[in-house]
Amino acid sequence: MADIRTSLSDSLCAALAAAGAEAPEGFRAGLERPARREHGDWSSNAALALARGAGRNPRELAAELAVWLEENKPEHVAEVSVAGPGFVNFKLAPSWLHRVVVDAVAAGTEHCGRQNLGQGRTVIVEFVSANPTGPVHAGHGRGAAYGDAVARLLERCGYKVQREFYINDRGTQMGLYADSLAAARGGAPAPADGYSGRYIAEWAAGMPSDADARQWGRQRALADQRDVLESMAVVFDTWSSEQALVDSGAIDDTLAALNAAGASYEADGALWLRSSDYGDDKDRVLVKSDGEYTYLLPDIAYHRDKLGRAGPGGLLINVWGADHHGYVARMKAAMAALGSDPASLEVVVTQLVRLEREGEEVRLSKRTGDIIELREVIGEVGADAARFTYLLQSMDTAPTFDLARAAARVMENPVFYVQMAHARVCSIAARARADGVAPPSVEQVDLGVLVHERELEIMRLLSALGEVIAAAAEERAPHRVTAWLRDFAAAVHSFYHDCYVMGAGISPELTQARLVLIDAARVGLAVGLGTLGVSAPESM
RNA sequence: GCCCACGUAGCUCAGGGGAUAGAGCACUUGCCUCCGGAGCAAGGGGCCGCAGGUUCGAAUCCUGCCGUGGGCGCCA
């Protein structure tokens, strides 16, 4: 459908021109949905923003715009008014909302809410990337839910997305892990600074005596991680190995490229990156004085490789935990030194999640050994609830994940509340089929009978879904969808309570129209849940 | 000490230049004898951490301070 925003914005510009208050170059009339219903469906601050430059009184300018717009009404506009200090408010006709319903049903879950922001641009979203030295824990769960939701949102917005997992299968930690496994296998205590979690003994017991602890342990950990992640519907397209990069010679190529760019130098027997020339606090070591690579160098090679795979115009999005934030500047510096566009690498830093059970905080620290594995979280609350709960808040907050609350199958639990709304509309539709009520054809139904406030509210919220998805994708903020879903589900439950689709006192015409409405609601709920990777059950 | 994020209702959090600041939980009060399933509605409750600044307009942007979490290795 013709975007209502575009239509209103075009009309506003025309009105401004007619009022002799031509908008300056690059001006975009602010169009927003007012917080209060009495301010209409859409509102513009154009008069407020432009009055000063035009030497006009904002309220008078707004009045002039309103008069012109009343005489030259854009499609679906019922009324234009002036309010407050000089807002121009648009009240839309129900035809606009009916359009929303028809479009949602026609698009279905496959296409509803789709945007074309990406225009086929390639994005590689890298997330989780846990070390292959143990199971993924509850903290990784947030990164997993978030990274996958961002990927899903970008897909719905027209990007070509690859989900990627980077395997740090080289270096000190791997050595300690292998030694720990070998020690446990032989019944010896863990080496100093080694791994001593319960899983070490468990895994070591299954390790063949002739196995290479490093290789075997790597496979064991990866298989475990992959299983758990897949149990929450997170599936990666690419698993990139650090060791493979080293073996391929990509590290030496990268080193040569950095040298050629004059971005490295030798000091104290080590090789350094001039990262401070590119915005970092200080220079960083690439090759240690003992000849070993630091973690940084292979990671630079890895990002260089990823950029190549993303191709011209491609975008890299990394999801990192807050404990890696200090690492962002040096990686960007390295990419800048290699001459890449700074905008092609984006790092989202997610704050750490606090886990709570029965009001008792559970530490996620690996060192203390009392980590909560992601497997346990999923086992306790289920994959859907885990994902939804992880995505309840902005990644900038360090939220508390209450296991008991997430696991509860009650309406107070937001996941359950939203899924229940979906199951409810499905069950009404099923009931209609069982009663022999013919499924309505969208074209033939008169939606004009949908005038109940509950019905209007569902339609208004549904009309915002596309904007919500676009904003969530652009801001890498899936929690916007979560928030919308909670509002939308509330509207559906209210409708369910106040408006019967079938039964005594409901005319056949109203039944038909409401069946179409709940089908649109079903699509909206399924699409919202789908972008979060949460299932939309037809019954619960 | 330096860097990043956060500080909004009793609690968990949305909102991130616009009009009278929102939701859920908890609390109070109505409704829900029957339908499609685990409800719906109303109400109380806020110096939006503090102090300055920018702006026609600041919870929102800037500066400083206070508080919380995280980070500041030739670890990964």
Side-chain angles (χ1 to χ4, degrees), chain A residues 30 32 34-36 38-39 43-45 48-49 51-52 57-59 83-87 89 129-131 133 168 170-177 193 242 267-272 280-282 284-299 321-329 349-352 354 356 359 389 392-402 405 408-414 416-417 420 423-432 434-435 454 475 477 479-480 482-484 486-487 490 493-498 500-504 506 518 539-540:
Chain A
E32 56 183 26
R36 311 189 69 79
E38 62 265 30
H39 293 142
S43 176
S44 173
N45 64 356
L48 281 165
R52 200 176 192 196
N57 173 304
R59 179 95 199 184
F87 291 101
N89 294 338
S129 299
N131 288 347
T133 56
N168 294 127
R170 199 201 62 89
T172 320
Q173 295 304 315
M174 274 310 278
L176 285 168
Y177 170 58
D193 293 328
E242 178 181 353
D268 305 327
L271 188 71
W272 296 72
D280 195 8
D281 294 351
K282 44 185 160 183
R284 309 289 174 176
V285 173
L286 294 166
V287 182
K288 297 188 257 182
S289 50
D290 65 4
E292 283 286 313
Y293 302 141
T294 58
Y295 172 80
L296 178 61
L297 178 57
D299 213 7
D323 53 342
H324 281 69
H325 115 265
Y327 202 73
V328 176
V349 173
T350 69
Q351 297 301 306
L352 302 177
R354 264 196 320 273
E356 217 176 71
T389 307
L392 230 29
Q393 279 104 37
S394 149
M395 290 301 124
D396 288 338
T397 67
T400 304
F401 188 141
D402 190 320
R405 186 179 170 195
R409 294 179 59 78
V410 295
M411 291 290 240
E412 283 74 32
N413 182 350
F416 188 81
Y417 187 77
M420 190 65 203
R424 273 183 158 170
V425 294
C426 287
S427 98
I428 299 173
R431 172 66 181 263
D435 287 357
R454 302 302 187 207
E475 295 166 24
H479 77 278
R480 281 177 164 270
T482 316
W484 178 87
R486 298 174 75 173
D487 288 344
H493 285 302
S494 294
F495 166 83
Y496 176 88
H497 186 263
D498 290 348
Y500 275 61
V501 172
M502 291 157 292
I506 310 293
I518 63 165
S539 65
M540 298 187 67

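Keep in mind the model is a prediction, meaning the values are calculated, not measured. Hydrogens, waters and symmetry mates are skipped; everything else that's a heavy atom, side chains included, is used. Throughout, protein chains are lettered first and strands after them, A, B, ... in sequence-line order, and every chain is numbered starting at 1.
Applying the 4.0 Å criterion to OP1 and OP2 of B/U68, one finds that A/T397 has every side-chain N and O outside that range. Contact annotation: A/S494 side-chain N/O to B/A41 OP1/OP2 distance is under 4.0 Å. Between A/K282 and B/C2 there is no side-chain polar atom (N or O) within less than 4.0 angstrom of OP1 or OP2. Between A/R480 and the phosphate of B/G16, there is a side-chain N or O to OP1/OP2 separation shorter than 4.0 Å. Taking only side-chain nitrogens and oxygens, A/R284 never comes nearer than 4.0 Å to OP1 or OP2 of B/G73. Contact check, A/S289 against B/C74: no side-chain N or O comes under 4.0 Å of OP1 or OP2. A close approach under 4.0 Å does occur between a side-chain nitrogen or oxygen of A/H479 and OP1 or OP2 of B/G15.
Within the 4.0 angstrom heavy-atom criterion, only backbone atoms of the sugar-phosphate kind lie near A/A398; the bases stay farther away. Across all strands shown, A/R405 has heavy atoms under 4.0 Å from sugar-phosphate atoms exclusively, and none from any base. Residue contacts shown for A/Y417 are limited to sugar-phosphate atoms, with no base heavy atom under 4.0 Å away. A/N57 comes within 4.0 angstrom of no nucleic acid atom, judged by non-hydrogen atoms across all strands. Residue A/E475 is classed as having no contact, given no heavy-atom separation below 4.0 Å to the nucleic acid. Note on A/S394: only backbone sugar-phosphate atoms sit closer than 4.0 angstrom, heavy atoms only; bases stay farther off. Base contact: A/V501 has a heavy atom under 4.0 Å from a base atom.
Here B/C32 sits opposite no nucleotide as a Watson-Crick or G-U wobble pair (both hydrogen-bonding atom distances under 3.5 Å). Within the shown strands, B/U68 is the pairing partner of B/A5 under the Watson-Crick or G-U definition, both distances less than 3.5 Å.
One interatomic measurement links the two molecules: CD of A/Q393 to P of B/C6, which rounds to 14 Å at whole-angstrom precision. As a whole-Å value, the separation of A/R454 CZ from B/C40 P is 10 Å.
In this structure, A/H324 does not count as stacked on the base of B/G71 under the 5.5 Å centre distance and 30° plane angle limits.
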